[in-house]
Every structure is written in C-alpha cells, then in structure tokens.
There are 2 protein chains.
Amino acid sequence: MLTAKQHQLLVFIQERLAENGVSPSFDEMKDALGLKSKSGVHRLVNALEERGFIRRMANRARALEVIKMPEKPATTTASNVVAGNFGASPKAATPAPQEDHSIEIPLHGRIAAGTPIEALENRDSFVSVPHGMLGRGNCYALEVSGDSMIELGILDGDTVVIESTEVARDGEVVVALVDREEATLKTLRRNGRFIELVPANRDYKTQVLEADRVKVQGRLVGLLRTYH
Amino acid sequence: MLTAKQHQLLVFIQERLAENGVSPSFDEMKDALGLKSKSGVHRLVNALEERGFIRRMANRARALEVIKMPEKPATTTASNVVAGNFGASPKAATPAPQEDHSIEIPLHGRIAAGTPIEALENRDSFVSVPHGMLGRGNCYALEVSGDSMIELGILDGDTVVIESTEVARDGEVVVALVDREEATLKTLRRNGRFIELVPANRDYKTQVLEADRVKVQGRLVGLLRTYH
DNA sequence: TCGGTATGTTCTCTTTTAGTTCACCTTTTG
DNA sequence: CAAAAGGTGAACTAAAAGAGAACATACCGA
C-alpha cells in the first residue's frame with residue numbers, strides 16, 4: 001500500500017503527534033526525510049491523504065492528523081491487546097448507558113464509498129445518535145469518504161449509522177464486503193445469481209458480482225452531518 | 001493538527017477546567033501565553049473551535065468547553081504507546097471531560113425549502129442531537145420539505161439543525177425570512193445592496209432581493225436523516 | 001433603570017511562518 | 001521502455017501571530 005518514503009513520512013508524523021501533539025511543518029518533514037525541497041514532501045503528503053492514512057485541513061498550517069497506520073503483522077496479539085486496553089480506558093467498559101433520548105454507538109472508522117475499505121480500526125470513539133434513528137440490531141457508525149453516493153445525498157465526511165445485519169432487501173443501501181477485503185457503501189440490487197452494487201454517482205460504475213463474493217455487513221439506517 | 005501555540009492554549013484551558021471547573025478568561029489566557037493583547041487569544045480560540053477541540057457560547061464569559069484532546073490513536077507498537085503516555089504528562093490522568101453526549105433541541109416544524117413556510121412551533125416535539133453537532137448559540141431543528149437543496153445533499157424529509165443567528169457569512173446555508181412571511185432554506189450570497197438566495201437545484205431559480213426584505217433567522221449547522 | 005466592571009469581539013497593521021505550484025530532472029519498477 | 005515515484009529550486013500566496021485600540025455585551029448592584 002505504501003512506498004518506503006511514504007511509510008517513513010507517516011511514521012515521522014505520527015511520532016511527532018504522539019510526542020507533543022503538534023504536527024510537523026513541511027519544512028520539518030523535509031529535514032526529517034533529509035530532503036532539500038518541500039515540494040517533494042507535498043507530494044508525499046498528498047499520497048498519504050489519497051490513501052486514507054492521514055487527514056488534513058486544506059490551507060491550514062500544521063493541520064495533519066493520522067487516521068490509520070499501515071498493517072502491522074505479528075505484534076497484533078499480546079502487546080497490542082494490552083496497549084489497546086489501556087488506551088480504551090474505563091469508558092469502553094461502560095459503552096452506552098445514558099438516557100432514553102440518545103444512544104452512544106461506536107465509530108468504527110471510515111468507509112471509502114468509492115474505492116477500497118478500511119472499516120475496521122479500533123479508536124474507541126463514540127457518536128451519540130437520536131434513539132429514533134437506530135434500527136433494531138446492533139448499530140455502529142462509519143465516516144464516509146468519497147463521493148460515490150452523492151446523488152443520494154450522502155456526502156464526503158458524513159457519518160452514517162449502520163445496523164449490523166447480513167440480510168438486506170433489494171434497493172437498500174448497505175455496507176458490502178467484496179471478496180472478504182473490500183468494503184463499500186452502495187445500493188444493493190439482486191439480479192439472479194448476481195448482486196449489483198450500484199453507486200449514486202454517474203462517474204462511477206455499477207459492480208456486478210457473483211452472489212458468493214459479496215457479503216452484506218450492515219444496512220444504512222441513519223445519517224449525520226455537521227457543517228462548520 | 002495543531003500548531004504549538006494552539007496546543008499550548010488547549011492544554012492550559014483544559015488544566016484550568018480540571019482544576020477549578022471554570023474556564024479562564026481571555027485576559028488570563030493572554031497572560032498564560034505571555035501575550036500583551038487579547039486579540040491573539042481570540043484567534044487561537046477560533047482556531048481550536050474550528051478544529052473541533054473546544055466549544056464555546058458566543059458572547060458569554062468563561063464559556064469554553066474542551067470537547068476533545070489531541071489524539072494519539074493508531075497505536076503502532078507497544079513501545080510507542082508507552083512512550084506516548086509518558087509524553088502526555090499529567091493531563092493523561094484526566095483524559096477528557098465530555099459529559100453530555102447529546103442535547104435535546106426543539107423541533108419547530110417544517111421548512112419548505114422551495115416555497116413558503118410553516119412556522120408551527122410545536123412546543124412538544126424535541127430531537128436529540130449529538131453534542132458535537134451544535135453551534136454556539138441557541139439551536140433548533142426543522143424538517144425539510146421540498147427538494148430545492150438536493151444538490152447539497154439536503155433531501156426532502158431530512159431534519160436540519162439550525163443555530164439562531166441574524167448574521168451569516170457569504171456562502172453559508174441559512175434560514176431566511178423574506179418580506180416577514182416566507183421562510184426558506186437557501187445559500188446566502190451578498191451582492192452589493194442585494195441578497196441572493198441560491199437554491200441547490202437546477203430546476204429552481206435564485207431569488208435576488210433587496211437586503212431589507214431579507215432577514216436571516218438562522219444558520220445551518222447540522223443534518224440528521226433516518227432511513228426506513 | 002442606570003451605570004460600572006468584567007469580558008468578549010473586531011479591526012487594522014506588521015512580521016514571521018508555512019503551504020502551493022511549476023518546470024525540469026533523476027531514480028525505481030513493472 | 002514507460003510509468004510512477006522522487007528530488008530540486010524558486011516564485012507566489014496564504015495562514016499564524018503579536019500589538020493596540022475601539023467597541024459590544026453580559027451581569028451585578030444601587
């Protein structure tokens with residue numbers, strides 16, 4: 001997924017953020033990578049953003065944020081679990097009491113509505129949603145990335161509320177896992193032994209796949225958007 | 001995500017809140033940062049608000065609230081997590097306030113995004129919205145009727161969260177009252193002594209009105225949608 | 001209700017720091 | 001070999017920051 005340079009830069013950014021909470025400037029990154037010009041850094045940062053590893057605010061100084069780290073094989077079990085538990089803190093143990101009017105659900109990460117996945121991730125963040133928005137089953141939230149569902153009013157940056165389910169009716173918007181690796185948010189259509197994943201954007205094409213390559217993970221039940 | 005100054009101020013605010021539960025005044029922040037003028041503090045506070053770290057109420061004294069601290073997610077490896085925690089210093093002991101996860105706001109009725117109003121103030125119905133979605137001032141909700149804002153992803157039946165205000169910047173989506181009788185949800189554009197109310201739908205026309213015929217009643221800050 | 005104190009908000013200026021773009025060249029890789 | 005990823009430098013634009021002053025608002029007590 002990442003080239004050596006991209007990885008090196010990503011690690012550097014994440015270290016700096018962990019150290020003092022301040023993201024490095026382009027000049028500092030330039031020096032850290034031993035470069036002599038910032039423009040190369042600019043390209044690397046764009047590449048990391050495109051691939052969904054970092055997020056940034058356009059035209060803002062030091063406004064980088066690491067939103068995921070590349071796969072780290074091995075280590076996963078012991079050390080990670082321990083680290084995860086510490087990070088999760090008590091609040092993960094008591095996820096969502098609250099009252100009647102709204103409920104806390106976990107935010108599981110981003111889903112690129114247009115291309116690949118990344119619907120997993122830990123980050124113990126929660127979103128509170130009006131109770132009337134929830135479905136019957138377990139619900140969780142995802143942040144939408146990309147514009148493939150724009151014609152249904154689902155925009156880049158929106159938060160969608162998903163009800164966990166493996167069944168969905170024709171025409172519903174679902175989180176679909178393709179070939180066990182690529183999750184997308186699309187409208188589901190059945191067509192004989194094929195399943196069509198239909199985007200809501202003329203610039204994207206419908207994917208037609210054999211039914212056994214597609215697994216429904218959830219159903220869209222709500223949407224939240226914040227304007228700034 | 002943050003510059004050094006922004007981070008410094010955020011830490012200071014959160015310490016003061018943890019200490020005695022009262023947010024510091026602009027003058028106190030000015031002194032804490034070693035500045036000679038409050039205006040710089042004002043800008044920093046705005047920057048923190050824009051980046052979603054704090055919330056505030058307009059024109060209210062000491063009304064700051066820290067809603068998140070700079071995250072250090074993406075737990076790369078065990079060692080990193082440990083290092084990160086030490087680096088985080090005392091503040092890691094008091095991780096994050098964030099008490100009220102959602103707030104109830106009144107649902108004031110429907111707003112026809114296309115034509116007239118219907119300011120039926122049902123004092124009965126309320127909607128609960130995520131705490132992070134609210135603006136600074138008083139907020140209320142309206143149900144959208146019509147499709148004039150469809151190209152901005154605001155659909156018929158959506159619930160919009162409106163912050164009461166009489167001022168709005170160019171390009172913001174506002175609730176505008178025309179001739180004291182017709183309220184619509186539109187994008188606001190200023191053009192000399194005229195105000196343009198721009199729909200987001202090719203089938204509707206922009207209204208160009210003399211400024212004194214238009215009164216801004218609120219500003220769009222959030223959107224909720226439920227799928228059935 | 002009036003006035004005063006404490007605070008928050010804007011504005012204008014100035015300096016410093018940081019991000020963006022472009023044209024052109026080199027290296028790595030499939 | 002061609003495409004993609006990197007590297008360089010320079011010009012340009014924009015954001016962050018500091019200062020100081022005028023102004024606006026909230027709140028409290030007489």
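Order of the sequence lines sets the chain letters (A, B, ...), proteins ahead of strands, with each chain counted from 1. Note that the structure is predicted; figures quoted are calculated from it, not measured.
Comparing C:dT9, D:dG6, D:dG18 by their closest approach to the side chain of B:Arg43 singles out D:dG18. Comparing D:dA26, C:dT20, D:dG6 by their nearest atom to the side chain of A:Lys5 picks out D:dG6. With C:dA18, C:dG8, C:dT21 as the choices, the nucleotide that has an atom nearest any side-chain atom of A:Ser39 turns out to be C:dT21.
A close approach under 4.0 Å does not occur between any side-chain nitrogen or oxygen of A:Lys38 and OP1 or OP2 of D:dA10. A close approach under 4.0 Å does not occur between any side-chain nitrogen or oxygen of B:Asn59 and OP1 or OP2 of C:dT7. Look at B:Arg62 and you'll find a side-chain N or O under 4.0 angstrom from OP1 or OP2 of C:dT7. OP1 or OP2 of C:dA18 has not a single side-chain nitrogen or oxygen of A:Arg56 nearer than 4.0 Å. The side chain of B:His42 contributes an N or O atom lying less than 4.0 Å from OP1 or OP2 of C:dT9.
For the contact set between residues 23-37 of chain B and DNA chain C, defined by any heavy atom under 4.0 Å, the members are B:Ser25, B:Phe26.
Across all strands, B:Arg60 comes closer than 4.0 Å only to sugar-phosphate atoms, never to a base (heavy-atom distances). Within 4.0 Å of B:Gly40, counting heavy atoms only, lies no atom of the nucleic acid at all.
Note that CD of B:Glu49 and CG of B:Leu64 are 9.0 Å apart. Values are rounded to the nearest 0.5 Å.
Salt bridge A:Glu143/A:Arg55: present, at least one basic N to carboxylate O contact under 4.0 Å.
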